[in-house]
Amino acid sequence: MVSQTAMRGQRVVESECRCWNPAVWLLVSLLGSLVLVALSVLMRLGDVKINKRAVTSNMMQTLGRYQVQLVNGHNRCEGRVEVGYNGSWGTVCDDDWDMVDANIVCRQMECGVAVAVGSSSQFGQGAGLIALDNVDCQGGEADLSQCRSLGWGVHNCYHYEDVGVTCKEPVLLGARGFVEPTTTPMDRSGL
């Protein structure tokens, strides 16, 4: 009697659990994972960033001399960085942009040294071509064309990533190495 009851219980379990073959279950799981990965890639397609360490140095390019201008600033030595090459003007993306790169622009513009790196929120977004991305200057370059980048027109940016620069002429030092005051000091004898 025990054996018949045990056999009936086994049949009940088999009839209720029509489980999939493990190979089919694995295949369905893998396909589901692939679909999720594909959706994730499609959703982030425009937001992919290239790490400059992952780009080999032979992919980085230097091209002929770029013209540089700073636009939407208070004077000619501050604003959104725009570069011209072969008759086309475009903006520069802020990926990897730092004060070293900004100093090259200030030097090229004959505006002294960089005191700040701005963004599109400060100097406005450009329109049209994004000319340079992943600019990597070492500091000794005479102009932006000598700095490494992904190449003219190669980018993974949007105009909200346009970079700006604020340059300032260096302070002139007096004969003794100190900053010469432009106004006379206030009389402090009454204090």
Side-chain angles (χ1 to χ4, degrees), residues 37-173 177 179 182:
V37 168
L39 285 173
S40 174
V41 167
L42 288 174
M43 288 173 48
R44 292 192 39 104
L45 190 58
D47 294 332
V48 175
K49 298 290 180 195
I50 297 174
N51 182 342
K52 76 175 178 182
R53 290 174 189 83
V55 177
T56 60
S57 61
N58 62 355
M59 288 178 65
M60 303 292 244
Q61 299 177 1
T62 58
L63 300 173
R65 185 171 171 84
Y66 297 124
Q67 296 174 319
V68 176
Q69 64 182 2
L70 300 175
V71 298
N72 290 351
H74 295 336
N75 57 56
R76 73 171 201 88
C77 292
E78 75 172 8
R80 182 179 61 247
V81 178
E82 292 193 354
V83 292
Y85 179 74
N86 284 343
S88 297
W89 285 91
T91 61
V92 177
C93 183
D94 66 1
D95 292 348
D96 298 327
W97 188 267
D98 58 21
M99 290 296 281
V100 175
D101 308 316
N103 272 315
I104 300 302
V105 169
C106 292
R107 184 181 311 148
Q108 187 172 352
M109 295 284 302
E110 298 179 357
C111 287
V113 296
V115 293
V117 174
S119 66
S120 63
S121 63
Q122 186 175 2
F123 299 114
Q125 295 182 13
L129 176 68
I130 297 175
L132 294 175
D133 188 11
N134 293 91
V135 174
D136 184 23
C137 301
Q138 301 302 307
E141 296 87 351
D143 62 66
L144 207 57
S145 68
Q146 296 174 346
C147 300
R148 293 172 22 167
S149 72
L150 295 181
W152 184 260
V154 180
H155 68 89
N156 55 12
C157 298
Y158 299 97
H159 281 294
Y160 64 81
E161 298 172 271
D162 292 342
V163 73
V165 171
T166 300
C167 306
K168 186 171 184 170
E169 291 292 333
V171 176
L172 297 176
L173 298 179
V179 176
T182 57

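Just the heavy atoms: all of them, side chains too, but no hydrogens, waters or symmetry mates, feed the values below. This is a predicted model, so every value here is computed, not measured.
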Keeping the roles fixed (side chain from His159, backbone from Gly128), state whether a donor-acceptor pair exists under 3.5 Å.
-> yes
When you measure from the side chain of Gln108 to the backbone N and O of Leu144, does any donor-acceptor pair fall under 3.5 Å?
-> yes
[atom1] of [X] to [atom2] of [Y]: how many Å apart, nearest 0.5 Å?
X: Cys93; Y: Leu132; atom1: SG; atom2: CG; value: 10.0 Å
X: Ile104; Y: Cys137; atom1: CD1; atom2: SG; value: 5.0 Å
X: Leu150; Y: Cys157; atom1: CG; atom2: SG; value: 8.5 Å

By side-chain hydrogen bond (donor to acceptor under 3.5 Å, both in side chains), Asp101 pairs with (sequence neighbours left out) none
Please lay out, stage by stage, how Thr166 and Phe123 fare under the test side-chain contact (heavy atoms from CB on, under 4.5 Å).
-> CA-CA 10 Å; Thr166 300; Phe123 299 114; 3.8 Å; yes
For [X] and [Y], which heavy atoms make the closest approach, and how far apart are they?
X: Val117; Y: Met99; value: CG2-SD, 3.4 Å
X: Cys147; Y: Val135; value: CB-CG1, 4.1 Å
X: Glu169; Y: Glu110; value: OE2-O, 3.3 Å

Which residues satisfy the side chain to side chain contact (heavy atoms under 4.5 Å, CB included) test with [X], sequence neighbours excluded?
X: Val113; value: Asn103
X: Gln138; value: Asp136, Glu141
X: Val71; value: Gln69, Arg80, Glu82
X: Asn75; value: Cys77, Glu78

Please report the C-alpha distance between Leu70 and Val81 in whole Å, then the side-chain angles of each, then the deciding distance to 0.1 Å, and finally whether the side-chain contact (heavy atoms from CB on, under 4.5 Å) criterion is met.
-> CA-CA 5 Å; Leu70 300 175; Val81 178; 3.7 Å; yes
Applying side-chain contact (heavy atoms from CB on, under 4.5 Å), run through Trp152 and Val83 and close with a yes or a no.
-> CA-CA 10 Å; Trp152 184 260; Val83 292; 3.7 Å; yes
Are any non-hydrogen side-chain atoms of Leu129 and Thr91 less than 4.5 angstrom apart?
-> no
Just wondering, do Asp133 and Val154 contact through their side chains at under 4.5 Å, heavy atoms?
-> no
Would you indicate whether Cys106 and Cys111 have their SG atoms under 2.5 Å apart?
-> no
